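Working notes for the structure below.
Note that the structure is a prediction, hence the values are computed from the model and not measured. Heavy-atom basis, side chains included; hydrogens, waters and symmetry copies ignored.
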Amino acid sequence: MELGLTWFKYTPNWKGNRDLPESEQLSLEIKRLRPVDTLYEESEESINKWRDEQLKRWINDPEYGDAITQMPLDVLRLIKRFATHTRKFENFVFGGEEKTDPVEIFLNIPNPTTSAQKDSLIMEIIQVLGETAHLTGQELKNYAARPDGSTLE
C-alpha cells in the first residue's frame, strides 16, 4: 500500500467548474498533508520570516503591501500552507492572463467576506487539503469531492 506523500490533480466543483469542457476547467495539484504538517503550529517569528522572504514581491507592491504586513498570523499560516501544498494551476485567469503562482492566485482569487465564504473557491481548496490528509496514495488517486462536500473513497 502506497502511504507516501502524493500530489494529486484536483478539479474544483466551484460554480459548476466540473460541468465545463475539460479544456476550460480550473484544476490544480494538491499535496497531501502529512501528520507533521498538521500537528504543530509555527511560531509568529517563523511565519513572519516566511512572509518577509516569500511574500517580498507582494509586500513591495503598493496594492498588496500594507494588507499583507497587517494580516493576522492565522491568515499567513493559511497562505503558507496553500503556497506549499498546491501547484500546477490550470485555467486560473485574471485580467486575461493565466496565473500559476499559488500566492498570486491566493491573493487574487474571488473570496467573499460574507457567510458565503464557505462556498468560495479558496475555501473549497483548503477543505480538500484537510480532507485528504488521512488518505493513502491509492485513495488519493481515486479521490473526488462530491457536490455536498463529502468524499468518494
Side-chain angles (χ1 to χ4, degrees), residues 5-20 22-135 140 143-151:
L5 287 180
T6 303
W7 286 92
F8 64 97
K9 184 174 181 176
Y10 180 71
T11 303
N13 193 48
W14 182 74
K15 293 196 181 259
N17 179 58
R18 292 184 188 160
D19 297 329
L20 295 172
E22 192 172 330
S23 64
E24 297 175 24
Q25 292 176 355
L26 300 173
S27 67
L28 65 146
E29 286 190 359
I30 295 176
K31 182 166 103 176
R32 179 184 70 85
L33 295 175
R34 305 166 300 170
V36 71
D37 298 320
T38 62
L39 298 175
Y40 77 99
E41 190 169 287
E42 287 186 83
S43 69
E44 182 174 351
E45 181 182 343
S46 69
I47 288 293
N48 286 332
K49 182 180 179 188
W50 175 84
R51 176 199 64 202
D52 294 345
E53 292 171 0
Q54 300 301 313
L55 303 182
K56 185 176 183 172
R57 169 183 162 202
W58 292 277
I59 290 171
N60 292 333
D61 184 326
E63 185 178 352
Y64 299 102
D66 288 341
I68 290 172
T69 57
Q70 294 178 39
M71 282 182 177
L73 260 159
D74 288 341
V75 174
L76 290 171
R77 286 183 181 114
L78 196 58
I79 293 173
K80 182 178 181 186
R81 178 167 285 172
F82 189 87
T84 58
H85 286 82
T86 61
R87 68 179 185 188
K88 294 189 180 179
F89 290 85
E90 293 181 16
N91 296 318
F92 282 75
V93 178
F94 299 89
E97 186 177 337
E98 186 169 18
K99 304 294 184 181
T100 58
D101 179 272
V103 173
E104 188 169 20
I105 289 169
F106 190 98
L107 293 175
N108 288 287
I109 206 163
N111 193 33
T113 56
T114 64
S115 61
Q117 185 172 6
K118 65 181 172 38
D119 297 324
S120 71
L121 177 55
I122 200 80
M123 293 310 291
E124 179 180 344
I125 294 168
I126 289 166
Q127 182 178 343
V128 169
L129 273 167
E131 284 180 354
T132 57
H134 71 286
L135 300 180
L140 286 170
Y143 176 83
R146 296 195 292 222
D148 66 2
S150 60
T151 59

Which value, rounded to the nearest 0.5 Å, describes the distance between [X] atom [atom1] and [Y] atom [atom2]?
X      : Y      : atom1 : atom2 : result
Phe89  : Ile109 : CZ    : CD1   : 7.5 Å
Lys56  : Asp61  : NZ    : CG    : 14.0 Å
Ile59  : Gln54  : CD1   : CD    : 10.5 Å
Asn91  : Ser23  : CG    : OG    : 7.0 Å
Asn108 : Lys99  : CG    : NZ    : 7.5 Å
His85  : Lys80  : NE2   : NZ    : 10.0 Å

Full working for side-chain contact (heavy atoms from CB on, under 4.5 Å) between Leu26 and Thr11: CA-CA 6 Å; Leu26 300 173; Thr11 303; over 6 Å; no
Stacked cation flag Arg87 on Trp7, 6.0 angstrom / 45 deg: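 So Arg87 does make the cation-pi contact.
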Residue pair Phe82 / Ile30, side-chain heavy-atom distance below 4.5 Å: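 Heavy-atom side-chain distance check fails, nothing below 4.5 Å.
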Validation row: Ile125, Trp14 side chains within 4.5 angstrom (heavy atoms):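 They are not in side-chain contact.
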Salt bridge Lys9-Glu29, side-chain N to carboxylate O under 4.0 Å: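 The answer is no: the pair does not qualify as a salt bridge.
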Test: Glu90 and Lys88 ion pair at under 4.0 Å: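 Judged by the 4.0 Å cut-off on N to carboxylate O distance, Glu90 and Lys88 do not form a salt bridge.
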Pair Glu104-Tyr64, side-chain donor/acceptor within less than 3.5 Å: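 No, no side-chain donor-acceptor pair sits under 3.5 Å.
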Which side-chain N or O atoms in residues 68-78 pair as donor and acceptor under 3.5 Å with protein atoms at least two apart or in another chain?
{"from": "Thr69", "atom 1": "OG1", "to": "Gly65", "atom 2": "O", "distance (Å)": "3.1"}
{"from": "Thr69", "atom 1": "OG1", "to": "Asp66", "atom 2": "O", "distance (Å)": "3.1"}
{"from": "Asp74", "atom 1": "OD1", "to": "Arg77", "atom 2": "NH1", "distance (Å)": "3.1"}
{"from": "Arg77", "atom 1": "NE", "to": "Glu42", "atom 2": "O", "distance (Å)": "3.4"}
{"from": "Arg77", "atom 1": "NH2", "to": "Glu42", "atom 2": "O", "distance (Å)": "2.7"}

Glu24 CD: over 12 foreign heavy atoms closer than 6.0 Å: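 Yes, enclosed.
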Within 6.0 angstrom of Glu98 CD, more than 12 heavy atoms from elsewhere: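 Atom CD in Glu98 is crowded, with more than 12 foreign heavy atoms closer than 6.0 Å.
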Atom of Ile126, atom of Phe106 and distance for their closest heavy-atom approach: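 For Ile126 and Phe106, the tightest heavy-atom pair comes out as CD1-CE1, 4.2 Å.
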